[in-house]
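Right, one structure below, let's go through it.
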Amino acid sequence: MPEPVDAVEMRTALAGLRRTSGLPVAFGGLLSDARHARIGELDGARTGALRGLVISAGSGLGGKAIALARPCAVTDYPTSRHISHEYDTAVAAEGLRSVVAVPVVVRRTVRGVLYGALRTPVSLGDRTFDAAVAAARDVEQALAVRDEVRELLALTREQAAAGPGAAPGAWEDVREAHRELRALAPRVADPALRDELLAVCGRLASASGARATPAAAVEVRLAPREVDVVACVAAGATNAAAARQLGLRPETVKGYLRSAMRKLGAHTRLEAVVAARRAGLLP
């Protein structure tokens, strides 16, 4: 069963935090509601004491980071006067002393918390602090992409169902949503969500009714990135603009476009867009 983004991306971020900072322990989790986060991922832990721990806003170091929406750190967790001590038993079981907690914030809302820790009471330097913040930013970006994808999916399901009978303005919205979804797909870590995204893109493309014949669709097979580039071109993007949208180099975009045009039998950018729509590759 595919793992959700909070497992995949959090685990990746924690491994990256340990690698870049040298911290022996990293752990974290996302909020289940506005005030509680559940520690679901551990990296470098010797025990399972921290797994499943529910952190309340304002409680302990992580709860303080959640409440203040900013990173917090202590040099010696058990003796710190700057935090409450509801979680001392679990922290002691793992032998943690110096700890940093960084909130995961998306659109000004705290969505989770990420920790890095040492088993000795020493002050954490700027490099360690920066690594923890960078790891949290990686999770934030993954969640932001997931949110954007889900919003677009919700908007496009009804539009796709309307098909070619939709008003002209609404159909332009479908085409723009298709382009945005295609551009986001490579950044989605959750396999189930990515598959759903691409399936909706396929329905958007076929809903236009522009396909000439079933045979025509079979004859034209573009690589995913070739479709992405042609979709950007259809929206009026230059090679440079398409490169920015897709996270590619302009030379790479040019290469994909050239290849797509050859497969589509097109001599101009406009001909490529028209041919792609006739083949059912674009809405």
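Numbers here are sequence positions counted from 1.
If you chain together hydrophobic residues whose side chains sit under 4.5 Å apart, L96 and L23 never meet in one group. Note on M10: it does not cluster hydrophobically with L53, by side-chain heavy-atom contacts below 4.5 Å among ILVMFWY residues. Under the 4.5 Å side-chain contact rule for hydrophobic residues, V113 and Y87 share a cluster.
In this structure, R18 places its CZ atom where more than 12 heavy-atom neighbours from other residues, nucleotides or ligands lie under 6.0 Å away.
Looking at heavy atoms from C-beta onward, E226 lies in side-chain contact with S259 at the 4.5 angstrom threshold. A heavy-atom distance below 4.5 Å is found between the side chains of R46 and E94. At least one side-chain heavy atom of Y256 sits less than 4.5 Å from a side-chain heavy atom of L248. Residues Y77 and I83 meet the side-chain proximity criterion, which asks for heavy atoms closer than 4.5 Å. Using a 4.5 Å cut-off on side-chain heavy atoms (C-beta onward), V230 and L282 make contact. Inter-residue side-chain proximity for K254 and R249 is flagged as unmet; no heavy-atom pair is nearer than 4.5 Å. You'll find the side chain of P24 reaches within 4.5 Å of the side chain of L118, heavy atoms only. In this structure, Y115 and I55 have side chains that are in contact, with non-hydrogen atoms separated by less than 4.5 Å.
Here E140 contributes atom CD and R137 contributes atom CZ; the two are 4.5 Å apart, rounded to the nearest 0.5 Å.
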Q: Determine, stepwise, if the pair R269 / N239 fulfils side-chain contact (heavy atoms from CB on, under 4.5 Å).
A: CA-CA 11 Å; R269 297 162 72 91; N239 289 353; 2.9 Å; yes

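With respect to the salt-bridge test (charged N to carboxylate O, under 4.0 angstrom), the residues D130 and R127 do not qualify.
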